[in-house]
Amino acid sequence: MSLEQDLFQRSESQCELCGSKEDLQVYAIPDSPADVESHILICGTCKEQIEDPEKTDSNHWRSLNESMWSPVPAVQVMAWRMLHRLKGEGWPQDLLDMMYMEEEQLVWAKAGQTIVESSGGVVHKDSNGQTIEAGDTVVLIKDLPVRGSSLVAKRGTSVRRVSLVHDNPEQIEGKVEGQQIVILTKFVKKV
Ligand SMILES: [Zn+2]
């Protein structure tokens with residue numbers, strides 16, 4: 001059987017997100033791990049709204065309160081992503097709170113989210129204006145007292161595998177002498 005036939009059978013010829021029987025098509029969930037079944041069958045309306053956040057009509061997605069309980073991991077992931085997009089409306093947040101997902105699927109669901117959020121334009125730059133990315137190594141360019149402790153992170157200390165503070169372009173995090181600390185980007189230089 002082809003993938004499409006498989007999906008029609010699994011879904012009983014309905015949109016796996018909203019139940020519509022119109023304009024059904026195979027949809028590959030973006031940002032999916034290579035080794036999972038990431039296709040779902042959805043209708044034209046769902047597809048259009050998934051792809052264009054500006055066209056998202058929250059009322060269309062009320063049926064997620066049923067589809068989020070689908071046994072199909074890919075459907076759960078897409079339901080989670082849409083609920084996450086709409087959570088400002090209130091009821092989607094309530095559904096998210098109720099939703100149960102395996103850790104693996106949650107990571108998959110969030111993979112798409114990071115990409116949406118990181119295109120939001122928060123860029124971390126070091127003292128020279130170089131872009132810092134998660135996992136980079138930086139060197140401190142001055143002695144920095146660590147808040148809440150007697151530790152002073154010395155100038156010249158290198159901090160490996162930093163992570164970025166997502167909502168603040170001036171802060172990164174990394175380990176100095178075994179302690180996870182927040183560091184201001186203006187006091188570091190990327191290696
Ligand atoms: Zn649909």
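Whatever order the structure lists ligands and atoms in, that order sets their numbers, starting from 1.
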Criterion side-chain contact (heavy atoms from CB on, under 4.5 Å) on Cys46 and His60, from CA distance to verdict: CA-CA 8 Å; Cys46 283; His60 176 74; 3.1 Å; yes

Derivation of the side-chain contact (heavy atoms from CB on, under 4.5 Å) call for Tyr100 and Met98: CA-CA 6 Å; Tyr100 174 77; Met98 276 194 288; over 6 Å; no

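Within the 4.5 Å cutoff, the side chain of Ile172 has heavy atoms near those of the Val188 side chain. Residues Ser163 and Gln180 meet the side-chain proximity criterion, which asks for heavy atoms closer than 4.5 Å.
The OG1 atom of Thr45 sits 10.5 Å away from atom CD1 of Ile50, with the distance rounded to the nearest 0.5 Å.
Annotation: protein N, O or S atoms under 2.8 Å of the Zn ion (ligand 1) (waters excluded) comprise Cys15 SG, Cys18 SG, Cys43 SG, Cys46 SG.
A side-chain donor from one of Trp61 and Gln49 sits under 3.5 Å from a side-chain acceptor of the other.
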